[in-house]
Peer 1: 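Below is a structure I'd like to ask you about.
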Amino acid sequence: MIDLKLLQKDFEGLSTSLMRKGVSETLLNDLKEKNETLKIAKAAFEELQAIRNAMSKEFGVYKREGKDINELKARIEANNVKVDAALEVQREAQIDLETLAMTVPNMPDDSVPDGADENENIEMKKVLTPKAFDFKPKEHWELAEENGWIDFERGAKLSGSRFSVSYDMGAKLERALINFMLDFNAKRGYHEVSVPHMVNRTALEGTGQLPKFENDLYKIEGQDMFMIPTGEVPLTNLFQGEIIPYEQLPIKMTGYTSCYRKEAGAAGRDTRGMIRQHQFHKVELVCITKSETSDTIFNEMIECASDILTALELPHRLMQLCTGDLGFGAAKTVDIEVWLPGQDQYREISSISNTRDFQARRAKIRYKDKETKKNTFVNTLNGSSLAVGRTLVAIMENNQNADGSIDIPEVLKPYLNMGA
RNA sequence: GGAUCUUUGGCAGAGUUGGUCGAAUGCACCGGUCUUGAAAACCGGCGAGGGUUACACCUCCCAGAGUUCGAAUCUCUGAGGGUCCA
């Protein structure tokens, strides 16, 4: 949620910033107006309420002193009619404003470049050089099926398209990658956390998936529960509604979860293979911190994810997302894209975002600031480190040999009982 | 699934014959006295959100609805937690 106080204090700055993210001027004016309406409605209600409180107090005194109550009672009742009406007005104004405000995305950082879509993202750097093949590298689904690692047909039989089944080394590699990534992150100071894969509505509102993106989520029938689209949701919401002791910050967490996405808007894209599945494994990083240190931590997270790829000897590049490609809650995002020789292109394998206090404001995650002594919203950051399925894809495509066999990265061998 | 108990400020924990309760007390925290310094001791402050130049004032004792002139306190529903039963 954006800071509604900015509507009064710095409407200019707020709208300039949000318009970069494609929010219309009409909507912003509407928002401002609704905020005004609420303010007025609130003042009216509070005044009447103050009268009621005073008269009720008086009522108690009258009773104790045995005075006649009838006249006062009539006055109170008359006032109460007004109170009820004013409350109703205030309520409507409140809901009006909130409904709208919850759909407004976060403001991008000033440093984020303008741009319409992913084509205008900016490459920050490349790590490792793609190796040259003396044969035409295959795409991962071909390799996966040849090696008997992944079975897309039976996945479809069980659950439909965009599901797959892994066997033998395919399955083992998934497991090895998860463990390797968790251990790697832990060495960088992230505490391992294991969380539920189903969460309630409040959690999803906290991180910004709801109310706007309900169509992308799998909902549990008959309950107000959803399958998580990313581990970011439970990890961040662990602290929902809490005031975190100052000394505990920053909180650095890593966790493995499956992720469940309808991929509603992705019809026709990546229909083959395991690039875009309804269910996929991911190891996530989430940090909760003060605003002063959130940039530092942001960079550490990027480095961590990038270093995992380096350890796996996978060429990749860092992309700074432009305003048009920035997600709903993000103030700033860096994507890591891994080289896929079979596809002859870089593909996203990690996305690291700083949401500043956008999620914190929604989820009410605060800490008491040492200097100002005020309860202050934390900054929350999240990032994949890494998407497991896509890492497996990258290993297959980068490590393939002419005969279709695939070399196992050295760092994974201990996890596969293969010795180093 | 049934029964029963429970849900209070950062934490712990009072507060059920409805009003003077936004709420005792302890811990934690902040400021001070003392001390070479620290600890202890003592004194003072200390829930949150909105509002105001500052006050006033409003809201919040899990959530929602109700009873009442008035609810943390009574009733109902829901959610979370405990215990017993199935």
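We name chains A, B, ... by the order of the sequence lines, and we start the count at 1 in each one. Keep in mind the model is a prediction, meaning the values are calculated, not measured. The figures that follow rest on heavy atoms only: side chains count, while hydrogens, waters and symmetry mates do not.
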Peer 1: Determine, for Asp295(A) against Arg356(A), whether the closest basic-nitrogen to carboxylate-oxygen distance falls under 4.0 angstrom.
Peer 2: yes
Peer 1: Within the 4.0 Å heavy-atom criterion, would you say Arg366(A) contacts the bases, only the backbone, or no part of the nucleic acid?
Peer 2: sugar-phosphate
Peer 1: Taking any strand in view, what nucleotide pairs with rU16(B) in a Watson-Crick or G-U wobble way, both distances under 3.5 Å?
Peer 2: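 With both distances under 3.5 Å required, rU16(B) matches none.
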Peer 1: Do His140(A) and Leu340(A) have side-chain heavy atoms sitting under 4.5 Å apart?
Peer 2: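 No; the side chains remain at least 4.5 Å from each other.
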Peer 1: For nucleotides 57-63 of chain B, print each protein N/O atom paired with a nucleotide N/O atom at under 3.5 Å, atom names and distance only.
Peer 2:
residue : atom : partner  : partner atom : Å
rC58(B) : OP1  : Asn53(A) : ND2          : 2.8
rU59(B) : OP1  : Gln49(A) : NE2          : 2.4

Peer 1: Starting from P on rG45(B), measure out to NZ on Lys368(A) and report it in whole angstrom.
Peer 2: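 Between P of rG45(B) and NZ of Lys368(A): 17 Å.
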Peer 1: Consider the side chain of Asn80(A), meaning its heavy atoms from C-beta on, and name the nucleotide among rG51(B), rG70(B), rA48(B) that approaches it most closely.
Peer 2: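 The listed nucleotide nearest to Asn80(A)'s side chain is rG70(B).
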Peer 1: Using a cut-off of strictly less than 4.0 Å between a heavy atom of the residue and any atom of RNA chain B, enumerate the qualifying residues of residues 36-44 of chain A by number.
Peer 2: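 Heavy-atom cutoff 4.0 Å gives Lys39(A), Lys42(A).
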Peer 1: With a 4.0 Å cut-off on N to O distance, would you call Lys290(A) and Glu292(A) a salt bridge?
Peer 2: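 Answer for the salt bridge query: no.
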Peer 1: Could Glu36(A) and Lys32(A) be called an ion pair, given the rule that one side-chain N must be under 4.0 Å from one carboxylate O?
Peer 2: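 So Glu36(A) does not pair with Lys32(A) through a salt bridge.
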Peer 1: Can you confirm whether more than 12 heavy atoms, excluding those of Glu153(A), are under 6.0 Å from its CD atom?
Peer 2: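 At most 12 heavy atoms, drawn from other residues, nucleotides or ligands, come within 6.0 Å of this atom.
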Peer 1: Whole angstroms only, please: what is the CD-C1' distance between Glu98(A) and rG49(B)?
Peer 2: 13 Å
Peer 1: Need one value for Lys5(A): base, sugar-phosphate or nothing, where a base atom within 4.0 Å counts as base even if backbone is also close, heavy atoms only.
Peer 2: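 The answer is sugar-phosphate, as Lys5(A) gets under 4.0 Å only of primed atoms, P, OP1 or OP2.
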Peer 1: Applying a 3.5 Å limit to both distances, which nucleotide forms a Watson-Crick or G-U wobble pair with rC46(B)?
Peer 2: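 Partner of rC46(B): none.
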Peer 1: Test side chain to side chain donor-acceptor pair (under 3.5 Å) on Thr257(A) and Glu284(A); report intermediate values, then the result.
Peer 2: CA-CA 8 Å; Thr257(A) 69; Glu284(A) 185 80 357; over 6 Å; no
Peer 1: Report which part of the nucleic acid Arg361(A) touches: base, sugar-phosphate, or nothing (heavy-atom distance under 4.0 Å, all strands).
Peer 2: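 Touches nothing.
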